[in-house]
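Some notes on the structure that comes next.
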Amino acid sequence: MSVVNTVADAAAIAAGARVLEAGGLVAFPTETVYGLGADAENPAAVARIYDAKGRPNDHPVIVHVAPGADLDYWVTEIPDAARQLVAAFWPGPLTLILKRASHIPDAVSGGQDTVGIRCPSHPVAIALLTAFKGGKGGVAAPSANKFGNVSPTTAQHVRDEFHLDDVEEGSITGEPACSAGLHVTVLEGGASQVGIESTIVDLSRLATHGPVLLRPGHITAQQIANVIGQLPAAPDQAAPRASGTLESHYAPRTPVTMVAHAALADTVAQLQAKGARVAVIGHACGELGNNMRLLPAEPVGYAYGIYAALREMDLVQADVILVETPPQDDAWLGVNDRLRRSVFGSTGILARFLSQ
């Protein structure tokens, strides 16, 4: 059954908190993307997230906490660098990887001895986390989509992803990954303002590896360094597994690939000459057909729109989506990370089309 709230008012948020406390799932807005949440201390509830998403059990999720939460409850040690980053960026789009307290179920960490924690800044998320267990609980929440698909940035994206608008009252038919009796409450919060997932920094191995940037995002490595006095290193092979860091991720169903600005128009023409239906996501190019979305040519605005653009172009029945390659400077690192993973499964698609 899908319980849809068009406006996440106080009553809707209170109802969502009760669903979480009862072991159910709540899809809720954050400033990054919409999350599919469950009580982080209830392994059976967390298992429902994995079941609904088709997510591998060893792929960790992030625990979301209310402002002012007692981090000592969740982790064994809070280094000075963690306290400094919390003071600088929470509530906000930054996840910290720390050593997990022994009483916190390893279901949230994919069996690892670490846990990812963040405090989101979206007012609906804050209200939900504050209401849940009186602000003392944690909500495990990956993005509210099928595993590996494009993350949702609106409540409608969530409903589309899980076919919740198609499910009749009292039934969950039409979505094979859902178990009988599963309830999904979707809280409305408008479009996510950041648009890509949080920056993830590993602080669990400071003595041996220093801070490590596991996933870039809206908060940059330089901003982190400005606070803790040290640039985070690139991930090493022994780094903890973290949410959203597999090679293939954030992908639409339609094959997608990046094309440099100078080659984009010619590539579109060549594909169309071969009879291919082409969709384009650009930022500096001119108009290249009806199936096109032009995003801002700066990283914040681009990040805000990229997932919605991928979802929109995924619906136009194109054979391939071409994304104009964004700039490669540090400000675009989070965007390029998501696009690199998005196109990974479509490697070689242009050559196959053009060789036909």
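- Nearest approach of Tyr304 to Ala191, heavy atoms of both residues: OH-CB, 3.5 Å.
- Aromatic rings from His59 and Phe147 are positioned such that their centres are separated by under 6.0 Å.
- Between the side chain of Glu324 and the backbone N or O of Ala284 there is at least one donor-acceptor pair closer than 3.5 Å.
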Atom pairs and distances, side-chain donor-acceptor, residues 248-255, under 3.5 Å, sequence neighbours left out:
from, atom 1, to, atom 2, distance (Å)
Tyr250, OH, Gly244, O, 2.8
Thr254, OG1, Asp314, OD1, 2.5

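- Cluster membership for Val316 and Ile321, using ILVMFWY side-chain heavy atoms within less than 4.5 angstrom, is shared.
- Residue Asn290 places its CG atom among 12 or fewer non-hydrogen atoms of other residues, nucleotides or ligands, all under 6.0 Å distant.
- Of the options Val65, Val194, Thr32, Leu129, a side chain to side chain contact (heavy atoms under 4.5 Å, CB included) to Pro120 is made by Leu129 and by none of the others.
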Run the side-chain donor-acceptor check on residues 130-140: report pairs under 3.5 Å with partners two or more places apart or on a different chain.
from, atom 1, to, atom 2, distance (Å)
Thr130, OG1, Ile126, O, 2.7
Lys133, NZ, Asp39, OD1, 3.2
Lys133, NZ, Asp39, OD2, 3.0

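- Under 3.5 Å, the side chains of Ser198 and Arg215 contain a donor-acceptor pair of N or O atoms.
- Inter-residue side-chain proximity for Val278 and Val280 is flagged as met; some heavy-atom pair is nearer than 4.5 Å.
- Judged by distance alone, the side chain of His103 and the main-chain N or O of Tyr73 form a donor-acceptor pair under 3.5 Å.
- How far CD1 of Ile281 is from CE of Met313: 6.5 Å, rounded to the nearest 0.5 Å.
- Contact of the Val320 side chain with the Leu271 side chain is registered, since non-hydrogen atoms from C-beta on lie closer than 4.5 Å.
- Side chains of Glu31 and His122: a donor-acceptor N/O pair is absent below 3.5 angstrom, by distance only.
- Annotation: side chain of Val186 is in contact with side chain of Leu164 (closest heavy-atom distance under 4.5 Å).
- Taking CG from Leu36 and CD1 from Ile49, the interatomic distance works out to 5.5 Å, rounded to the nearest 0.5 Å.
- Between Arg83 atom CZ and Leu203 atom CG the span is 12.0 Å, to the nearest 0.5 Å.
- Every residue two or more places apart in sequence or in another chain that forms a side chain to side chain contact (heavy atoms under 4.5 Å, CB included) with Val300 is listed here: His218, Glu298.
- The two residues Ala239 and Leu214 have their closest heavy-atom pair at CB-CD2, 3.8 Å.
- The salt bridge (charged side-chain N to carboxylate O under 4.0 Å, His left out) search around Glu247 returns Arg340, not counting sequence neighbours.
- A side-chain donor-acceptor contact under 3.5 Å links Lys146 to the backbone of Ala52.
- The structure places CG of Leu213 at 7.0 Å from CG of Leu333, a figure rounded to the nearest 0.5 Å.
- Under a 3.5 Å cut-off, the side chain of Glu188 and the backbone N or O of Gly190 do form a donor-acceptor pair.
- Using modelled atom types, one finds no donor on one side chain facing an acceptor on the other under 3.5 Å when comparing Ser143 with Glu197.
- For Asp330, the CG atom is loosely surrounded, since the number of other residues' heavy atoms within 6.0 Å does not exceed 12.
- A side-chain N or O of Ser109 and one of Arg100 form a donor-acceptor pair less than 3.5 Å apart.
- Asn336 and Gln328 share a donor-acceptor pair across their side chains, judged by distance under 3.5 Å alone.
- Taking hydrophobic clusters as Ile, Leu, Val, Met, Phe, Trp and Tyr residues chained together by side-chain heavy-atom distances below 4.5 Å, Phe353 shares a cluster with Leu264.
- Listed by first and then second residue, the salt bridge (Lys or Arg N to Asp or Glu O under 4.0 Å) pairs involving residues 258-279 are Arg277-Asp319 (not counting sequence neighbours).
- Between Pro326 and Tyr302, the closest side-chain pair of non-hydrogen atoms falls below 4.5 Å.
- In the model, Tyr34 has no side-chain atom that pairs as donor or acceptor with a side-chain atom of Glu161 under 3.5 Å.
- Side chains of Gln112 and Asp106 form no contact here, defined as non-hydrogen atoms less than 4.5 Å apart.
- For residues 342-356, no residue pair satisfies the salt bridge (Lys or Arg N to Asp or Glu O under 4.0 Å) rule, not counting sequence neighbours.
- The shortest side-chain heavy-atom distance between His283 and Pro327 falls under the 4.5 Å cut-off.
- For the atom pair CG (Leu206) and CD (Glu77), the distance works out to 8.0 Å, reported to the nearest 0.5 Å.
- Put simply, the side chain of Val212 does not reach to within 4.5 Å of the side chain of Pro232, judged on heavy atoms.
- Counting heavy atoms from C-beta outward, Val184 and Phe162 have side chains that stay 4.5 Å or more apart.
- Around CG of Asp70, the count of heavy atoms belonging to other residues, nucleotides or ligands within 6.0 Å exceeds 12.
- The closest side-chain donor-acceptor pair between Gln222 and Asn226 falls under 3.5 angstrom.
- Applying the side chain to side chain contact (heavy atoms under 4.5 Å, CB included) criterion to Glu312, with sequence neighbours excluded, gives Arg293.
- The hydrophobic cluster containing Ile117 also contains Ile78, counting ILVMFWY residues as joined when their side-chain heavy atoms lie under 4.5 angstrom apart, directly or transitively.
- Evaluation of the salt bridge (charged side-chain N to carboxylate O under 4.0 Å, His left out) rule for Arg205 yields Asp202, Asp236 as partners, not counting sequence neighbours.
- Hydrophobic clustering, with ILVMFWY side chains joined whenever heavy atoms are under 4.5 angstrom apart, groups Tyr50 together with Val63.
- Judged purely by atom type and a 3.5 angstrom limit, Arg118 has no side-chain atom pairing as donor or acceptor with the backbone of Ile62.
- With sequence neighbours excluded, the residues that form a side chain to side chain contact (heavy atoms under 4.5 Å, CB included) with Ile219 are Phe89, Pro93, Leu94, Thr199, Gln223, Ile224.
- Here the straight-line distance linking atom CG of Leu96 with atom CH2 of Trp74 works out to 14.5 Å at 0.5 Å rounding.
- With sequence neighbours excluded, the residues satisfying side chain to side chain contact (heavy atoms under 4.5 Å, CB included) with Asp160 are Gln156, Asp165.
- Between Ile196 and the options Asp337, Ile306, Thr153, a side chain to side chain contact (heavy atoms under 4.5 Å, CB included) holds for only Ile306.
- Checking side-chain atoms of Arg338 against main-chain N and O of Tyr307 turns up no donor-acceptor pair under 3.5 Å.
- Every residue was checked against the salt bridge (charged side-chain N to carboxylate O under 4.0 Å, His left out) condition with Arg55, not counting sequence neighbours, and none meets it.
- Under the salt bridge (charged side-chain N to carboxylate O under 4.0 Å, His left out) criterion, Asp113 pairs with Lys99, not counting sequence neighbours.
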